[in-house]
Amino acid sequence: MEVIQDKTALREQLLEWRRHDEHVAIVPTMGNLHAGHVSLVELAREHAERVVVTVFVNPTQFAEGEDFEDYPRTLERDKRRLQRVNTDMIFVPTVETLYPFGLQNATSVTVPGLTENFCGSFRPGHFDGVTTVVARLFALVQPDVAVFGQKDYQQQLVIRRMVEDLGLPINIITAPTVREEDGLAMSSRNAYLSDEERAMAPKIHEVLESAGEALQSGKRNFEELENAASGQLSDTGFEVEYVAIRRALDLSVPNRDCDELVLLVAVRLGKARLIDNIVVTI
Ligand code: PAF
């Protein structure tokens with residue numbers, strides 16, 4: 001497994017793979033890898049002969065006052081983990097490599113329409129940072145396939161839209177959310193939870209599941225379901241940012257006949273901001 005920091009070494013390796021007609025999959029991450037990331041790498045491996053995992057804590061997607069400084073940086077442990085799942089390359093670019101003109105003068109990519117609501121409204125500028133860095137990673141690695149997790153539901157939709165809108169020849173694959181045994185979606189930010197908060201956190205998935213069951217059983221008053229779910233979360237002690245039932249395809253407001261819905265939740269619990277979702281196909 002190669003660990004590469006620099007663009008030239010990256011290009012040489014990619015050229016070598018291309019010479020052998022090998023397809024390349026990319027798994028962009030910010031490191032601090034857990035079983036959820038490992039599942040992305042395993043899925044990537046099913047779609048390409050070569051798998052590149054990128055590890056970069058991207059400053060442009062953190063707003064003022066967010067956890068950029070505190071975000072866990074665990075590269076040595078991440079390397080060992082990736083070695084075990086047979087990763088071909090870890091690309092660990094520096095800020096200078098990814099943003100050669102500096103963060104202030106960086107060309108930025110915006111995906112209007114899908115980024116204003118939900119996480120976009122609670123984290124202003126977040127999705128511009130994500131699309132800007134992912135576009136750069138795509139430009140450098142030129143992958144055939146890219147894998148993202150469903151836990152960041154809005155993010156994967158935004159990236160799909162960016163790729164389609166820019167006509168990038170990259171197949172975007174969304175991998176199912178990996179959960180702890182008690183249902184909590186795996187996330188690097190779970191590490192911010194105290195023992196007491198950690199014991200509360202599975203409630204998020206429980207609430208999503210029960211709203212999902214209500215939808216499956218024919219309930220169609222979306223607002224009532226959202227309010228009930230939000231109330232249950234607040235009563236448990238979460239600070240609710242949003243609970244929303246939307247059309248899975250594009251996050252638009254669904255009508256009664258919509259047969260693929262996504263239930264999205266974002267809450268704050270102590271120092272952590274947690275998001276989760278489930279897709280309900282009727
Ligand atoms: O999902 C993440 O970890 C990040 O948003 C990503 C896609 C690696 C971009 O920095």
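All ligand and atom numbering here is 1-based and tracks the order in the structure.
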Under 3.5 Å, which donor-acceptor pairs do the side chains of residues 269-282 form with other protein atoms, sequence neighbours left out?
residue: R273; atom: NE; partner: E241; partner atom: OE1; Å: 2.8
residue: R273; atom: NE; partner: E241; partner atom: OE2; Å: 3.4
residue: R273; atom: NH2; partner: E241; partner atom: OE1; Å: 2.8
residue: D276; atom: OD1; partner: R179; partner atom: NH2; Å: 3.0
residue: D276; atom: OD2; partner: R179; partner atom: NH1; Å: 2.8
residue: N277; atom: OD1; partner: Q150; partner atom: NE2; Å: 2.8
residue: N277; atom: ND2; partner: Q150; partner atom: O; Å: 2.8
residue: N277; atom: ND2; partner: K151; partner atom: O; Å: 3.1
residue: T281; atom: OG1; partner: E260; partner atom: OE2; Å: 3.1

Could you list the donor-acceptor pairs under 3.5 angstrom formed between side-chain atoms of residues 98-106 and any protein atom two or more places apart in sequence or on another chain?
residue: Y99; atom: OH; partner: N58; partner atom: OD1; Å: 2.7
residue: Y99; atom: OH; partner: T60; partner atom: OG1; Å: 2.9
residue: N105; atom: ND2; partner: F101; partner atom: O; Å: 3.4

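Atom-to-atom distance recorded for N32:CG and H37:NE2 is 7.5 Å, nearest 0.5 angstrom.
Of the possible donor and acceptor atoms, none in the side chain of S230 sits under 3.5 Å from a partner among the backbone N and O of E226.
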Check: every ligand 1 N/O to protein N/O pair under 3.5 Å:
residue: ligand 1; atom: 1 (O); partner: Q155; partner atom: NE2; Å: 2.8
residue: ligand 1; atom: 5 (O); partner: Q61; partner atom: NE2; Å: 2.9
residue: ligand 1; atom: 5 (O); partner: Q155; partner atom: OE1; Å: 2.8
residue: ligand 1; atom: 10 (O); partner: Q61; partner atom: OE1; Å: 2.6

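Hydrophobic cluster membership of V147, counting Ile, Leu, Val, Met, Phe, Trp and Tyr whose side-chain heavy atoms lie under 4.5 Å apart directly or via other members: M1, V3, V27, L33, V38, L40, V41, L43, V51, V53, V55, L75, L82, V85, I90, V92, V145, I173.
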Run the side chain to side chain donor-acceptor pair (under 3.5 Å) check on R160 and T174 step by step: do they pass? CA-CA 10 Å; R160 282 176 184 279; T174 304; 2.9 Å; yes
